[in-house]
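Order of listing sets the numbers, starting from 1, for every ligand and every atom in it.
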Amino acid sequence: MSYDLVISGGTIVTATGSFAADLAVSGERIGAIVAPGTPLEAGRTIDATGRHVIPGAIDVHSHHREPGFTHKEDIVTATSACAAGGVTTSFAMPNVQPPPNTVERLDAMIELYNERSIVDWNINAAGTVPDQIAEMATRGIAAFKVFMVVDTGRDYPHMPGIGVHDHGKLLEIFETVEPTGLALMVHPHDQALMTHIEEGFWARGEHDALAYAKAYSALDGIIWDTAAALLLRLQKATGTRLHLLHTQTTGVIDQLRAVRAEGRAVTAELNPWAVFLGNDWNNIVKWGSYALSYYVPEKNTEPLWAALADGTIDLISTDHAPHTREEKEPGWTDGWKAHTGTPAAQFYVPMFLDAAVRGRLSLERTVELLATAPARAFGLADKGRLEVGAHADIAVVNLDRELEITDDIVLSKIGWTPYAGMRVRGVVEATLVRGAVVYEDGRVTGAPGWGRQARPAR
Ligand SMILES: [Zn+2]
């Protein structure tokens, strides 16, 4: 039998173990995994000697900005960053314009992705219009998304039509999503508490990015903890599959541990900024709004790594949220006027591989958090694992090479990264999506339109 491509000489890493093997690709799928050096006939061989071969990362939380905000990012630039970063599937969040909160808008967005995505993709539809939910669920999506955030003077990122903080409306959304069997992703936030906290800062004349950072983490993360408590209680009442976004406080970790013990349909994610960026006050002093997603006081850092290791946090997603420098600059004087969020799609796999090299997590658990667990949580039966028959979604990584992260190599349209200057062990040398090489030797080789919707198996 002849294969299309063979990756030879590498160490295959799965969620359950690592071993030396050659991997053969047949069409879009993994055709064979055999002992190193087994003679295989192939159209092409990638020599992975000294490299690790891992399942491509599955990022279920990314802001690709198209349609509506293509001055920040678009599907081609976002999925180029994915390809370069070893990400083979990326789910788009719905805070675009118009937001996909109706069937018609979702269908239009799906068409855009079919034409433009380089890697496999899906769209987390906005679950804010209950009478649209059942039909939107038939479009191959894996999840709905709701932000519990309202606009605080900006028209982005929380435009009308996607934010809900009324508890009754949230309950209605949970009830409506439940029969679809799909997950409901929620950005936890408590606007009533936040309003009071913000007014305190403003009354003292504190408006800059530092004040903004402190406000969102005030009272030991009270806005995050109370919102998570509400969401977990709504989940218990309805049985809806809940995916909790932005895990970052010990308070939420404790709640998740209790929920785990009850075996409830809850998953939770960690975003890279919570352990590599916003957890260092020096970054926020130095970079202001450029370092904010959110400030995560350092006392949370060790508990977060422990929760990643022990399964309390199920998976890692980027919360890739590019904004232009012009949109960040106002933060020096008014943190509330700067757009919140930081880009991460291109570099988070190397950063977490580096953490594994440094012994923070095992390589196997890292692969599970980046690929296997998200595939399992969102029903992507063909993805997230290196096994015969699975999609050949693969990253070849070199853990002996160091990557220096710089603005120059950023493929996101914004041209900057808050991780500039960081040196990490773990270079993505090649990325394959369903057998096609989409990134190799520092160049994106995938074509827009190759990416396909990663539909859950139901
Ligand atoms: Zn986000």
From CZ (Arg241) to CE (Met185), nearest 0.5 Å:
9.0 Å
Going by the angle between their ring planes, with limits at 30° and 60°, are Trp336 and Tyr212 parallel, tilted or perpendicular?
perpendicular
Can Tyr113 and His64 be said to form a ring-ring contact (aromatic ring centres under 6.0 Å, His included), step by step?
CA-CA 10 Å; Tyr113 273 78; His64 299 162; 5.8 Å; yes
What protein N/O/S atoms lie closer than 2.8 Å to the Zn ion (ligand 1)?
His61 NE2, His63 NE2, Asp319 OD1
Can you confirm whether Ile313 sits close enough to Glu269 that some side-chain heavy atom of one is under 4.5 Å from a side-chain heavy atom of the other?
no
Counting C-beta onward and ignoring hydrogens, is there a side-chain heavy-atom pair between Arg325 and Ile414 closer than 4.5 Å?
no
Could you go step by step and tell me if Asp107 and Arg139 meet the salt bridge (Lys or Arg N to Asp or Glu O under 4.0 Å) rule?
CA-CA 8 Å; Asp107 285 346; Arg139 298 305 202 260; 2.7 Å; yes
